[in-house]
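Heads up, the thing below is written out as structure tokens.
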Amino acid sequence: MTPDALARAVRDVLVALVADGHLPGPVPDDVVIERPRSKEHGDYATPVALTLAKSAGVPPRSVAELIAGGLAAQPGIASAEVAGPGFVNIRLAADAQGALAGQIVESGIAYGENDALAGVRVNVEFISANPTGPIHLGHARWAAVGDAIARVLAAAGADVAREFYINDRGVQMDRFGASVTAVAQGRPVPEDGYHGAYIADLAAAIVAAEPQILDLPDDDQRRAFREAAYVRQMDQQKAVLDLFRTHFDVWYSERTLHDTGAVERALDRLRAQGHVFEADGATWLRTTDFGDDKDRVLIKADGELTYFASDTAYYVDKRIRGFDVALYLLGADHHGYVSRLRAIAACAGDDMDRNVEVLIGQLVTMMRGGEEFRMSKRAGMMVTLEDLIEEVGVDAARYSLIRYPVDSPLSLDLDLLTQRTNDNPVFYVQYAHARIASVLRNAGELGIDWRSRGYDPALLDHEREGDLLLALADYPAAVTAAAELREPHRIPRYLESLATAYHRFYDSCRVLPRGDEPVEPRHVARLWLCAATLQVLANGLGLCGVSAPDRM
RNA sequence: GCGCCCGUAGCUCAAUGGAUAGAGCAACCGGUUUCUACCCGGUCGGUUGGGGGUUCGAGUCCCUCCGGGCGCGCCA
């Protein structure tokens, strides 16, 4: 029995109690089912009597008694008891609990998927690094977390697009182009240019590929270098992200935004909503109507569009493309954008609490030998995603970036992440997967065809088996919570608890027959439990974009 | 100055308003006659930064103070 099924069972009891006049209505739509911290409080507990008592005008324990009485008569429930101020503590029957293993194996990769966010179209925009340099460590957190959020949202039934916004227009691009040009011509990089060693690499590669570029007139040459460097730098970013298993559905160019008239469309819409005004020769958006600190300029007095105009047009464009939610994943240095992005939505006539969402990711640093790791081989003073992958590998990097809530600063300890020990949770979880794969392999070699035999769920009655089944039952709720709260770190945390439950089970429950022992139904039942655990570990690691190895 | 985020065990961090605040690491003690010991069990460890409030119930919500991080351009 799953927590969902249990919630329905409790609700059925409440409906019956109301129908019989034992309780006044209404019955709440959602009955809260909790996993008590203490095992003494049962497999599950519901505090619903506590919340109902007030409106019913009855002592909570009396309400709880009624619920417990009704529940105990339900199939699959071993016991339901009232405890504390009015909790109902519930224990499941072993067979009802054990049946879950079969359900999970049958569901396979779909176990954990749900429809909590069905019908919601979400645009997840993340990284959006300038195409003027490599993806750095600050972006890396979002490369992992943004991708995991997208996976988790999709698992919860949302229609998700991963999007990368390319700032390929404006002053930074020109400075980038000027820097590459200068190096190619043997001149020093301008003061306000880009100084990393990668600039020289780009210049050399471009000159090697198209030597005639140096014969072009100055302006043409600078433009040609800029465009060639842009293409190469984007390719480099894409290659690294590809290596990092972060793939985008849409690469959205700021130039495109301007070329397709999206800016004008957005301005029209904002004007129609009545939040645009002229002052001091400039065109403004009155974002202060919706909580921003100050109004923002869309078109400068010199006629140039601001970056804010692009932001605005881009948001409106996302909505025109049919997304219900524009989810922005930004670095802490951009948190000042939150109020203006929300104001943009409101100015466009949208609901700023629903149509736009901004997550702010705090800083990431890398430590080695107790010292901060600051230098990159290619990029100078910044550490790149490439460096991180080189240091710890994709799995450890992704896992440890996803493992923590994004609103707290993160310090990655490279010494730890390269160790294959318990300090390093990704190995702990992967090891559990590999361990199970090994058991299943051995079962195959012993000729135990557990899958076609079926199993008796009531045999999974050992305490550690029950704990493992409870952990397996928690998975869908972990996925839903991760999606609804945009907190993918819940998945690694969950996987670690599942891995612990498995290792504990493995420690006290022999799965395969020893030596010449015959194959008994209990062995088969435990193989089903192993297979179910393997599946959930694989599914959860999949949501993190981390591999689930069969051998380690 | 204004705004946002954070403050939980020696360290790194969990905890969707629920019961006695949990893991891992570190320290100490134990565990494998055959499935992966990269594992498992135990001990030690807390005024959840301080104070006040809301609630049947607060680490969680509100107020205030303290401490830390970041942001506040007709820049991009």
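Quick note on labels: first sequence line is chain A, next is B, and so on, each numbered from 1.
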Side chain to side chain contact (heavy atoms under 4.5 Å, CB included) between A:V406 and A:I360: does it pass, once the steps are laid out?
CA-CA 7 Å; A:V406 292; A:I360 298 298; over 6 Å; no

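- The partner of B:U43, taking Watson-Crick or G-U wobble pairs whose two distances both stay under 3.5 Å, is B:A27.
- Contacts of A:D550 with the nucleic acid, taken as non-hydrogen atoms under 4.0 Å apart, include base atoms.
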Protein-nucleotides 7-9 of chain B N/O pairs closer than 3.5 Å?
none

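- Counting any heavy atom pair closer than 4.0 Å across all strands shown, A:H503 reaches sugar-phosphate atoms only and no base atom.
- As rounded to whole Å, 9 Å separates atom C1' of B:G24 from atom OH of A:Y404.
- Both geometric conditions, a ring-centre gap below 5.5 Å and a plane tilt below 30°, are not fulfilled together for A:Y431 over the base of B:U36.
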Please report, to 0.1 Å, the donor-acceptor pairs under 3.5 Å made by any side chain of residues 333-342 of chain A, with sequence neighbours excluded.
from   : atom 1 : to     : atom 2 : distance (Å)
A:H335 : ND1    : A:A332 : O      : 3.0
A:S339 : OG     : A:D292 : OD1    : 3.2
A:R342 : NH1    : A:M352 : O      : 3.2
A:R342 : NH1    : A:D353 : OD1    : 3.3
A:R342 : NH2    : A:D353 : OD1    : 3.2

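- Regarding A:E465, its CD atom lies at a distance of 16 Å from the C1' atom of B:C40, rounded to whole Å.
- Across all strands shown, A:A477 has heavy atoms under 4.0 Å from base atoms, whether or not it also approaches the sugar-phosphate.
- Stacking here means ring centres nearer than 5.5 Å and ring planes tilted less than 30 degrees, and by that measure A:F87 stacks onto B:A19.
- When the side-chain nitrogen and oxygen atoms of A:N442 are compared with OP1 and OP2 of B:U34, none of them lie within a distance under 4.0 Å.
- Positionally, the nearest nucleotide of RNA chain B for A:R403 lies more toward the 5' end than for the other of A:R403 and A:R490.
- A 3.5 Å limit on both hydrogen-bonding distances identifies B:C72 as the Watson-Crick or G-U partner of B:G1.
- Taking every side-chain heavy atom of A:R435 into account, B:C39 is the closest of B:C35, B:C39, B:C13.
- Rounding to whole angstrom units, CG of residue A:D407 and P of B:C13 are separated by 12 Å.
- When the ring-ring contact (aromatic ring centres under 6.0 Å, His included) test is applied to A:F505, the partners found at least two apart in sequence or on another chain are A:Y502.
- Heavy atoms from other residues, nucleotides or ligands lying under 6.0 Å from CZ of A:R441 number more than 12.
- Environment of CD in A:E191: sparse, with no more than 12 heavy atoms of neighbouring residues, nucleotides or ligands closer than 6.0 Å.
- Distance check on atom P: B:C56 versus B:A23 gives 31 Å, rounded to whole Å.
- Within 4.0 Å (heavy atoms only), A:E445 reaches no atom of the nucleic acid at all.
- The ring-ring contact (aromatic ring centres under 6.0 Å, His included) test applied to A:Y307 returns no partner, not counting sequence neighbours.
- Every side-chain contact (heavy atoms from CB on, under 4.5 Å) that A:R453 has, sequence neighbours left out, goes to A:V519, A:V524.
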Can you name the atoms? Protein N/O to nucleotides 46-48 of chain B N/O, anything below 3.5 Å, with the distance.
none

At under 4.0 Å between heavy atoms, how does the protein contact nucleotides 67-76 of chain B? Give one character per nucleotide, 5' to 3', with B, S or -.
---BSSSBBB

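- Side-chain N/O atoms of A:H489 include one lying less than 4.0 angstrom from OP1 or OP2 on B:A15.
- The salt bridge (charged side-chain N to carboxylate O under 4.0 Å, His left out) search around A:D467 returns A:K39, not counting sequence neighbours.
- The side chain of A:A83 lies closest to B:A19 when the candidates are B:C38, B:A19, B:C40.
- Of the P atoms belonging to B:C44 and B:C6, the separation is 33 Å, rounded to the nearest Å.
- Between the CG atom of A:L534 and the P atom of B:U36 there is a distance of 14 Å, given to the nearest Å.
- Partner of A:F87 under the side-chain contact (heavy atoms from CB on, under 4.5 Å) criterion, chosen from A:P36, A:P60, A:P47: A:P47.
- A:L50 comes within contact range of at least one nucleobase, with a heavy-atom separation under 4.0 Å.
- At whole-Å resolution of the value, CG in A:D467 and P in B:C40 are 14 Å apart.
- A:D413 places its CG atom 13 Å from the C1' atom of B:A26, with the value rounded to the nearest Å.
- Between A:I33 atom CD1 and B:A19 atom P there is a gap of 16 Å when expressed in whole angstrom units.
- Side-chain N/O atoms of A:R37 include none lying less than 4.0 angstrom from OP1 or OP2 on B:A21.
- Look at B:G57: it lacks any Watson-Crick or wobble partner with both distances under 3.5 angstrom.
- Nucleic acid contact class of A:A53 (heavy atoms, under 4.0 Å, all strands): none.
- For A:Y44, the ring-ring contact (aromatic ring centres under 6.0 Å, His included) criterion is met by no residue, not counting sequence neighbours.
- Here A:T51 lies in heavy-atom contact (under 4.0 Å) with a base.
- Across all strands shown, B:A9 remains unpaired; no Watson-Crick or G-U wobble contact has both distances below 3.5 Å.
- Regarding contacts with the backbone of B:C40, a side-chain N or O of A:Y428 is found under 4.0 angstrom from either OP1 or OP2.
- Side chain of A:R141 to main chain of A:Q362: a donor-acceptor pair is present (N/O by atom type, distance under 3.5 Å, no hydrogens or angles).
- Scored by the ring-ring contact (aromatic ring centres under 6.0 Å, His included) test, A:W142 finds no partners at all (sequence neighbours excluded).
- Residues from residues 509-520 of chain A placing a heavy atom under 4.0 Å of any atom in RNA chain B, listed by number, are A:C509, A:R510, A:V511, A:L512.
- Note on ring orientation: taking the six-membered ring where Trp is involved, the planes of A:F277 and A:W284 are parallel (angle under 30°, cut-offs 30° and 60°).
- Crowding of A:D302 atom CG: a count of heavy atoms from other residues, nucleotides or ligands under 6.0 Å exceeding 12.
- For A:F427, taking side-chain heavy atoms from C-beta onward, the closest of the listed nucleotides B:U16, B:C35, B:C38 is B:C38.
- A:W528 places a side-chain N or O within 3.5 Å of a backbone atom of A:W450 that can act as its donor or acceptor partner.
- When atom types are taken as modelled, the side chain of A:D168 and the backbone of A:S253 share no donor-acceptor pair closer than 3.5 angstrom.
- Across A:V479 and A:A155, no two heavy atoms sit closer than the pair CG1-CB, 3.8 Å.
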Extract from the structure each pairing of a protein N or O with an N or O of nucleotides 27-32 of chain B at less than 3.5 Å, listing the distance.
none

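- Residue A:E40 qualifies as open at atom CD: its count of foreign heavy atoms under 6.0 Å is 12 or below.
- Using a 4.0 Å heavy-atom cutoff across all strands shown, A:D168 reaches no nucleic acid atom at all.
- Across all strands, A:S438 comes closer than 4.0 Å to base atoms (heavy-atom distances).
- Within the 3.5 Å criterion, the main-chain N or O of A:S547 finds a donor-acceptor partner in the side chain of A:Q430.
- Between the side chains of A:S310 and A:E254, at least one donor-acceptor pair of N or O atoms lies under 3.5 Å.
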